[in-house]
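Can you keep this structure in mind? I'll have questions shortly.
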Amino acid sequence: ACYASSGSKILLCTVEKTARAAKKTLTLGVLSVDNGVEQAVVDYNRASTEFRVELIEYATADDPTGVTGLNLALTSGQTPDLLDVYGTSVDVYARKGVLADLSVWMDDTVNRESILPVLLPLLENDGAIYALPRGFSVRTLFSTDALIGGRDSWSFADMLSLLDENPAVTQPLARMTAETGLRILQDAATAGCIDAVAGVCDFTLESFIGYLELLRCFPDTIPGEEDTDTLLREGRALCRYTPSMTVGQFMDLRGAYGDSLRTPGLPEIGNTVDFGHALSITAACSDSAAAWDFIKSYVTGTSYSPYGMWSIPILSDAYAAYIDETVSYYSRAQANNTYVSGAPIHVPDDADWVAWDTFLPSVTKASSIDNAVGAIVTEEVSAYLGGARTAEETAHVIDSRVKVLLAENA
């Protein structure tokens, strides 16, 4: 009710309040929380007037990988609306019908045509796209002509032969122990051993035996304080590992090694794309349109960094802008006399950009981490490195355990 004011009278109004509708909740399952995904959730929840995303983390002290907790949720009717597939087997979950094909909701902003052509085949699974990341980087091993010749690819057997031919090389991977090598080379070693879709495996392959034998060539400890570049230049390390090659890192290496730089990648599988934390919509999602809006905000929400892990955008327009900004970054760095590792920053020339444009299409596989298989391999290989079994015995034990795992997940 309102009362008019006149002279000394006061206008009093009572206004009926309308209750604000509560936001609907979408659940996002993660094995463990990633900072980038968490920030995307915060940004979306601030911007959306209708929906909010709630994180559900499955990793616990008793289940550090989170795989058991996730699988329990999937089989007990507690499937989340969205899933961060990092550390899971997308092939298995897609085959079981857990994940929905994102192609159904693609629009003018995010679609097959907007994705970098070199990445599209790596995101597809039998014609469907079940998960989309925010960005990517490249996992690789690199070396020099002097150490590995003109190799653009190699196997575990090749690495063992090169070590035999070069007795001065005491570190297969610069400044890395067997324990570290076990983890870094694990997906390269297991990639050809498992067909998750068919539910079969064979860990007795020569390539996996070669992986085990190579680990015995690693030092147990790393002596001294020498940096990785010194070890590589002096021929005491066979190669160096980088988990997240970006444009900035590639150009720094071109500045350091020039045309002698070789990037054969990981043994057996070459240079691989690391998509990091890719998001899926589950078949049980309560509102797929809203879930797609969140994924789209995640994919298009990249921030510029020439060196950050997973910082290269997957969308073509954003990638072009990223390259333009990188060129500007080097121009500013040159103008400001920026130094890197005690030397003036290397400003890429045309040959360096041609080298990058050649390097990127060499990536023909996406990095894949299956935490459940990884836990088995890590446990048994650690025992092998401790002298408990031979390489062949270890391979047979792993093969037996993974067969049981695949049967359980069938």
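In this text, all values refer to a predicted model and were calculated from it rather than measured experimentally. FYI, side chains are in, hydrogens and waters are out, and symmetry mates aren't considered; it's all heavy atoms of this structure. Here, residue 1 is the first one in the sequence, and each next residue gets the next number.
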Problem - Flag if over 12 foreign heavy atoms under 6.0 Å of CG, D357 - result: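 Above 12, so yes.
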Problem - Residue pair Q39 / N35, side-chain donor-acceptor N/O under 3.5 Å - result: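 The answer is no; no qualifying pair exists.
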Exercise for the section: Please determine, by modelled atom types, if S244 and S137 share a side-chain donor-acceptor pair under 3.5 angstrom. Expected result: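 Result is no, nothing qualifies.
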Handout entry: Over all atoms of both residues, closest heavy-atom pair of Y307 and Q249
Key =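 Taking Y307 first and Q249 second, the nearest heavy atoms are CE2-N, 3.6 Å.
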Practice task
Test the R216-Y384 pair against the cation-pi criterion, namely NZ or CZ under 6.0 angstrom from the six-membered ring centroid and within 45° of the ring axis.
Solution key: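 Output yes; distance and angle both within limits.
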Exercise for the section: Would you confirm whether T230, through its side chain, and E226, through its main-chain N or O, come within 3.5 Å as a donor-acceptor pair? Expected result: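 No, the answer is negative, given that no donor and acceptor are paired below the 3.5 Å cut-off.
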Problem - Crowding at CG, D164 (>12 non-hydrogen neighbours, <6.0 Å) - result: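 It does: D164 CG has more than 12 such atoms within range.
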Problem - Side chains of T204 and D202, donor plus acceptor under 3.5 Å - result: yes
Practice task
For residues I115 and L315, report the shortest heavy-atom separation together with the two atoms involved.
Solution key: CG1-CD2, 4.1 Å
Problem - Donor on one side chain, acceptor on other, N271 and T140, under 3.5 Å - result: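 Judged by distance alone, the side chains do pair up.
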Practice task
Spell out, as yes or no, whether a donor-acceptor pair under 3.5 Å connects the side chain of D158 to the backbone of S155.
Solution key: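 Between the backbone of S155 and the side chain of D158 there is a qualifying donor-acceptor contact (under 3.5 Å).
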Handout entry: pair M251-Y330: side-chain heavy atoms closer than 4.5 Å
Key = yes
Practice task
Taking all heavy atoms of E268 and all of A188, pick out the closest pair and write down the distance.
Solution key: CB-O, 4.1 Å
Exercise for the section: Measure the SG-CG distance between C217 and L238 for me, rounded to the nearest 0.5 Å. Expected result: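 The distance works out to 10.5 Å.
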Exercise for the section: Scan side-chain atoms only and decide if D101 and S103 contain a donor-acceptor pair under the 3.5 Å cut-off. Expected result: yes
Practice task
Using a cut-off of 6.0 Å, state whether more than 12 heavy atoms not belonging to D107 lie near its atom CG.
Solution key: yes
Exercise for the section: Check the pair R52, Y44 against side-chain hydrogen bond (donor to acceptor under 3.5 Å, both in side chains), reporting the backbone distance first and the verdict last. Expected result: CA-CA 7 Å; R52 64 182 300 276; Y44 177 82; over 6 Å; no
Handout entry: Heavy atoms from other residues, nucleotides or ligands near CG of D317 exceed 12 (cutoff 6.0 Å)
Key =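 At most 12 heavy atoms, drawn from other residues, nucleotides or ligands, come within 6.0 Å of this atom.
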Handout entry: E57, CD: over 12 other non-hydrogen atoms inside 6.0 angstrom
Key =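 Yes.
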Problem - Parallel, tilted or perpendicular: ring planes of F208 versus Y211, cut at 30 and 60 degrees - result: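 It falls in the tilted class, 30° to 60°.
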Problem - Non-neighbouring partners of W356 that pass ring-ring contact (aromatic ring centres under 6.0 Å, His included), sequence neighbours left out - result: F250, F359
Exercise for the section: Verify the distance criterion only: is there a donor paired with an acceptor across the side chains of R240 and T228 at less than 3.5 Å? Expected result: yes
Exercise for the section: Using a cut-off of 6.0 Å, state whether more than 12 heavy atoms not belonging to E206 lie near its atom CD. Expected result: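 12 or below, so no.
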Practice task
Please determine, by modelled atom types, if Y58 and N71 share a side-chain donor-acceptor pair under 3.5 angstrom.
Solution key: no
Problem - Crowding at CG, D350 (>12 non-hydrogen neighbours, <6.0 Å) - result: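 Not more than 12 within 6.0 Å, no.
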